[in-house]
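Here is the naming used below: chain letters follow the sequence lines, and residue numbers restart at 1 for every chain.
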Protein chains: 2
Amino acid sequence: MSDAPARSSYRHGDLRQALIDAALDMARQGGPDAVVLREATRRAGVSPNAAYRHFADRRDLLEAASASAQGLAADAMEDALEAVHGTGDPAVDARLRVGAVGRGYLAFARHEPGLFRTAFTVPNDLSRAFDADKAGRRGRTPFQVLAESLDALHAAGVLPDERRQGAELLAWSTVHGLGMLALDGPLRGLTDEMLDGATERLLLMVDRGL
Amino acid sequence: MSDAPARSSYRHGDLRQALIDAALDMARQGGPDAVVLREATRRAGVSPNAAYRHFADRRDLLEAASASAQGLAADAMEDALEAVHGTGDPAVDARLRVGAVGRGYLAFARHEPGLFRTAFTVPNDLSRAFDADKAGRRGRTPFQVLAESLDALHAAGVLPDERRQGAELLAWSTVHGLGMLALDGPLRGLTDEMLDGATERLLLMVDRGL
DNA sequence: GTGTCATTGTGGACAGCGTACACATCCTTT
DNA sequence: AAAGGATGTGTACGCTGTCCACAATGACAC
């Protein structure tokens, strides 16, 4: 538990990113409420007020951390997507991919509950769902990953025209609800098996009901 | 903005309930994070530490407020249920009622966002989903209202045996997800019409997909 | 180089929070 | 009337987010 790395120069280098990293780390453990500005500056080896040169206030820092967390969520979704083995049948593949997106989302919720809540629980409207700072390693935000998988479903003829619009809402709501209920909500303490079962049934319902 | 009612006696009367009411009021405006213990004691006209005679800590107070909020959510669901006009056909009626439960849940989310988040976002596992302090005016908790409407669906023969178990998870996840996304999540700022549309499509999907 | 200046850091201060500890007041029971 | 538990008060502590004035730094014009 030594002090901070004691930067050599007066300037820090990249304080903004260091603060976001620290915030992300706290968020990982305790969710958005666990993000405390002073502690972030402490970890960066800097005085509390230094943070205000990079963020308007705590909320602002939290939003930056939330954006990063969304990027990590996107990565989890891309992971799941890459794990899909194509069958050659475009319609089947498109459906498999939509399912994978949902599975990836829920995997992220389960493996990184703190980050999940930080990503999707901090106010943040749709108009900014495409900001680059929310993108994962492949350059897509979670919303984009979902939307494009639905586009493919549409292109493959599985999802009829009149049901394409707003399909994001349905799909997202469903998996998001399970994630939230299983995390803080009344569904905590479900065994992994029960969650797996619920996940598959949910995805089946979406597949049929979209 | 006068001071507190200045209770006549040294004892308060029912401080516990007064604190819960104050907490509920704060939660109504700003959700769980807006519940501050000291402010609650101020509103009750009592010193900060008095709260500790009735609650272990802030979290404990918040949980009591959450339980009350769940009772109010149950009321909204019962309201929606009472608004259903029976058709005489048990199967149709059962389906209508399940839909009404979902609609009531989402109506509560929209009309009382702060209370909704207080009710369903504060950790709280299933094992305590039947506690009396979470019940509404008709004595049922939100979970019970849902579960019993699904029982009816099952009894009417609409929901086959093998799909009855865990059906709560599916139904609840779906509406809860929409509620959360529309509140703090990335779906804020949707117009009422869009929300209404999404709600109905979602309920339709559940009706078909359960 | 030297002077100027915006940028990015520090230090000290303040109010508000949750909570601990010691003490005061009241109600009930004997 | 005395005792004792329940419920309230007072004071205090460390922590938080944030404000203000000031200091160090690096970039650029001359």
Side-chain angles (χ1 to χ4, degrees), chain A residues 1 3-66 114 118 121-123, chain B residues 1 3-66 114 118 121-123:
Chain A
M1 292 296 155
D3 267 359
R7 97 207 91 104
S8 56
S9 74
Y10 183 83
R11 298 303 174 86
H12 179 282
D14 194 358
L15 183 52
R16 182 184 163 85
Q17 192 55 50
L19 290 174
I20 294 180
D21 289 345
L24 220 43
D25 218 67
M26 294 182 260
R28 195 190 313 272
Q29 318 235 325
D33 291 352
V35 172
V36 17
L37 186 144
R38 283 180 99 111
E39 172 66 15
T41 62
R42 233 172 274 134
R43 296 192 189 186
V46 120
S47 84
N49 284 324
Y52 289 88
R53 299 294 167 191
H54 302 274
F55 302 97
D57 52 17
R58 174 185 179 273
R59 181 105 210 142
D60 197 25
L61 168 60
L62 186 57
E63 276 170 19
S66 170
T118 304
T121 241
V122 173
Chain B
M1 293 297 155
D3 268 358
R7 94 208 93 103
S8 57
S9 75
Y10 183 84
R11 298 302 174 86
H12 179 281
D14 193 357
L15 182 54
R16 183 184 163 86
Q17 192 56 50
L19 291 174
I20 294 181
D21 289 346
L24 219 45
D25 220 66
M26 295 183 261
R28 194 189 312 272
Q29 317 233 327
D33 292 351
V35 173
V36 15
L37 186 144
R38 284 180 100 112
E39 172 66 15
T41 62
R42 234 171 274 135
R43 296 192 188 185
V46 118
S47 85
N49 284 324
Y52 290 88
R53 300 295 167 191
H54 301 275
F55 301 97
D57 52 17
R58 174 184 179 274
R59 180 105 210 142
D60 198 26
L61 169 60
L62 186 57
E63 275 171 18
S66 171
T118 305
T121 242
V122 174

Subject >> Residue pair B/R53 / B/L15, side-chain heavy-atom distance below 4.5 Å >> reply: no
Subject >> Minimum heavy-atom distance between B/A27 and B/V35, given as atom pair plus value >> reply: CB-CG2, 3.8 Å
Original post:
Between A/T118 (side chain) and A/S66 (backbone), is there a donor-acceptor pair under 3.5 Å?
Top reply: no
**OP:** Find the distance B/Y52:OH to D/dG10:C1' and express it as a whole number of Å.
**Re:** 15 Å
**OP:** Under 4.0 Å from any atom of DNA chain C, heavy atoms only: list the residues of residues 12-24 of chain A that qualify, in numerical order.
**Re:** A/H12, A/L15
Subject >> Value in whole Å for how far the P atom of D/dT16 lies from CG of B/L37 >> reply: 19 Å
**OP:** For the residue pair B/Q17 and B/D21, confirm or rule out a side-chain donor-acceptor distance under 3.5 Å.
**Re:** yes
Subject >> d(CG, A/D33; C1', D/dC15) in whole Å >> reply: 16 Å
Original post:
Base, sugar-phosphate, or nothing for B/R38, non-hydrogen atoms under 4.0 angstrom?
Top reply: base
Original post:
If you find the nucleotide of DNA chain D closest to A/P48 and the one closest to A/R53, which residue's nucleotide is nearer the 5' end?
Top reply: A/P48
Original post:
Just by distance, do the side chain of A/R58 and the backbone of A/L37 share a donor-acceptor pair under 3.5 Å?
Top reply: no
Original post:
Side chain of B/R43, backbone of B/A23: donor and acceptor closer than 3.5 Å?
Top reply: no
**OP:** Identify the 5'-most and 3'-most nucleotides of DNA chain C with at least one atom closer than 4.0 Å to a non-hydrogen atom of chain B.
**Re:** C/dC17 to C/dC26
Subject >> Minimum heavy-atom distance B/I20-B/A65, with the two atoms named >> reply: CG2-CA, 4.4 Å
Original post:
Which pair of heavy atoms, one from B/L19 and one from B/A44, lies closest together, and at what distance?
Top reply: CD2-CB, 4.2 Å
Subject >> Donor-acceptor pair under 3.5 Å, B/R11 side chain vs D/dT7 base >> reply: no
Subject >> Polar side-chain contact B/N49-D/dT11 base: donor and acceptor under 3.5 Å >> reply: yes
Original post:
Is any side-chain heavy atom of B/L61 closer than 4.5 Å to a side-chain heavy atom of B/H54?
Top reply: no
**OP:** Using whole Å, report how far CZ of A/R42 lies from P of D/dG14.
**Re:** 14 Å
Subject >> Interatomic distance, A/E39 CD vs D/dT16 C1' [rounded to whole Å] >> reply: 12 Å
